There are 2 protein chains.
Amino acid sequence: MNDANLAERPGSDAAPAPIQRASLHDELVERLRDLIVEGEMAPGTRVPERELCTRFGVSRTPLREALKVLASEGLLALLPNRGAQVASLTLADIDEMFPVMGALEALAGELACARVTDEEIAEIRALHYQMVLHYTRRELPEYFRLNQRIHERILEIAGNATLTRMYTGLAGRVRRARYVANMSGARWDHAVEEHEAILDALALRDGPRLARILKLHLANKCETVKDSLLAETASSKPAG
Amino acid sequence: MNDANLAERPGSDAAPAPIQRASLHDELVERLRDLIVEGEMAPGTRVPERELCTRFGVSRTPLREALKVLASEGLLALLPNRGAQVASLTLADIDEMFPVMGALEALAGELACARVTDEEIAEIRALHYQMVLHYTRRELPEYFRLNQRIHERILEIAGNATLTRMYTGLAGRVRRARYVANMSGARWDHAVEEHEAILDALALRDGPRLARILKLHLANKCETVKDSLLAETASSKPAG
DNA sequence: GATTTTTATTTTGCATGCAAAAAACCCGGT
DNA sequence: ACCGGGTTTTTTGCATGCAAAATAAAAATC
């Protein structure tokens with residue numbers, strides 16, 4: 001399909017290396033996406049073209065092309081004659097996005113059940129128990145990372161690139177919100193229980209059941225994220 | 001959407017109705033999307049920047065910005081140092097996209113059942129029977145138009161803008177293929193039956209059932225489109 | 001005559017330039 | 001002090017220019 005930019009996975013590489021990739025605008029899309037998703041540019045912030053140009057050592061043309069793309073992905077909002085602004089998620093946005101992510105991940109679960117190999121089940125099981133270990137130690141960042149890995153792996157196993165693209169597009173928009181989400185103990189317990197059920201359903205290759213669980217799981221994540229977002233705004237604006 | 005003035009440019013002479021849009025690149029995205037979706041630019045065709053620039057009376061900068069956006073939507077493929085190319089759908093693409101559309105429309109059905117008013121049910125019923133009328137008369141274009149209207153209306157009633165955006169994004173990519181799809185009599189009969197079931201489930205506000213039906217409906221549409229695509233390629237390349 | 005090699009033309013990708021709109025600033029009026 | 005009008009400065013949106021890659025065309029070799 002497209003994939004003109006399958007250069008490299010920007011995994012844990014955060015080094016400010018000079019740009020030397022396929023094309024400038026493609027590279028810029030990735031870099032800027034990271035800046036936004038990782039939270040370096042706070043939601044609501046105006047995007048300073050000139051500053052980013054000097055920062056990345058490029059001219060405004062490819063940078064603006066990248067901004068347009070990110071805006072079409074929903075990560076930026078383009079204000080007419082006023083440049084770009086990092087899109088901020090409202091509660092309404094979250095209420096819209098999570099059901100969609102739930103539907104997509106439910107489909108991923110169904111597809112994955114039909115295609116998953118024993119080795120892949122073993123792999124997910126390993127990831128799962130690693131995650132549970134971090135849960136018992138209350139190591140949220142590590143838990144979070146493995147949690148994401150599991151969901152990514154299910155998407156991969158589903159083997160539907162379109163599905164993966166749409167899901168990751170949405171997930172990127174809520175990722176910052178999810179990362180700062182400080183789960184309450186009860187919610188965390190519940191999330192781990194659901195992950196047990198996810199693993200079981202996948203191991204049984206029970207597609208419909210896995211779909212149901214994933215949909216519910218995402219709905220609960222939605223509530224968690226909304227809670228955190230509420231707490232965040234409440235603390236930052238105590239007397240609004 | 002809107003459409004009318006495919007006229008010219010701002011710049012040379014007095015412009016009675018130049019582009020009446022927020023910004024050039026936004027307008028260009030819409031125009032070019034139409035060109036692609038409506039099939040004026042055949043899949044696989046290379047996109048001639050200069051020609052489109054003169055056609056729309058703009059310079060290459062906003063046009064290229066628009067191309068980048070359309071590429072990120074999957075309508076174009078960007079070839080490094082070789083410009084853009086109208087993305088052509090393979091059978092594999094279709095097999096990927098329709099399940100996703102099915103999942104999205106299933107969600108739309110569920111949400112719609114929870115929110116639909118009696119007036120809206122009556123409205124959809126009216127659309128449905130109009131559509132059935134065109135079916136009995138074997139008026140495919142009119143049938144097709146009302147079919148789309150019904151699905152769009154369900155999405156609207158679902159009231160989830162994110163869902164609508166993702167669905168229409170996918171639908172746009174397969175729209176040309178669907179439009180040229182010459183349904184066999186049996187397939188057409190079956191599609192109308194399914195639409196009866198859709199109407200019933202919506203009228204009963206049975207969300208899970210409507211979701212199931214829509215998912216199945218999309219799966220069948222997938223087969224129809226694939227058949228047509230096969231026939232098309234077979235006739236264009238009789239002796240491959 | 002066909003195939004390669006060389007040259008010319010076009011096209012792409014990016015940098016820069018310029019006019020208009022915004023934001024920032026200044027300053028006098030109240 | 002505050003606020004409104006006018007200015008300057010910055011930023012945005014788009015057009016244009018230029019070098020490198022790609023394509024087409026021509027020449028040369030076999």
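Lettering follows sequence order; numbering is per chain, from 1. None of the values given here were measured: they were computed from a predicted structure.
The pair B:Glu105-B:Lys215 fails the salt-bridge criterion, with no side-chain N (NZ, NE, NH1 or NH2) lying under 4.0 Å from an Asp/Glu carboxylate O. Classification of B:Arg187 and B:Asp227 as a salt-bridged pair holds, one side-chain N sitting under 4.0 Å from a carboxylate O. A salt bridge links A:Arg33 with A:Glu30: the distance from a Lys NZ or Arg NE/NH1/NH2 to an Asp or Glu carboxylate oxygen falls below 4.0 Å. Salt bridge B:Glu65/B:Lys68: absent, no basic N to carboxylate O contact under 4.0 Å. Under a 4.0 Å N-O distance rule, the pair B:Glu38/B:Arg175 qualifies as a salt bridge. Residues A:Arg145 and A:Glu142 are not paired through a salt bridge, judged by the lack of any N-O separation under 4.0 Å between the basic side chain and the carboxylate.
By the side-chain contact (heavy atoms from CB on, under 4.5 Å) test, A:Thr45 pairs with A:Ala42, A:Val86, sequence neighbours left out. For the salt bridge (charged side-chain N to carboxylate O under 4.0 Å, His left out) test, residues two or more places apart in sequence or in another chain that qualify with A:Arg55 are A:Glu40. Among residues two or more places apart in sequence or in another chain, the salt bridge (charged side-chain N to carboxylate O under 4.0 Å, His left out) test is passed with B:Lys226 by B:Asp95, B:Glu223.
Residues B:Val174 and B:Lys221 form no side-chain contact, since every pair of their non-hydrogen atoms from C-beta on lies 4.5 Å or further apart.
Residues of residues 78-87 of chain A that place a heavy atom closer than 4.0 Å to DNA chain D, in numerical order, are A:Leu79, A:Asn81, A:Arg82, A:Gly83. Less than 4.0 Å separates DNA chain C from at least one heavy atom of each of the following residues of residues 61-69 of chain B: B:Arg64.
At a threshold of 4.0 angstrom between heavy atoms, the contacts of A:Arg50 are confined to the sugar-phosphate backbone, with no base atom among them.
Protein chain A touches strand DNA chain C; the 5'-most and 3'-most nucleotides with an atom under 4.0 angstrom of its non-hydrogen atoms are C:dC14 to C:dA23.
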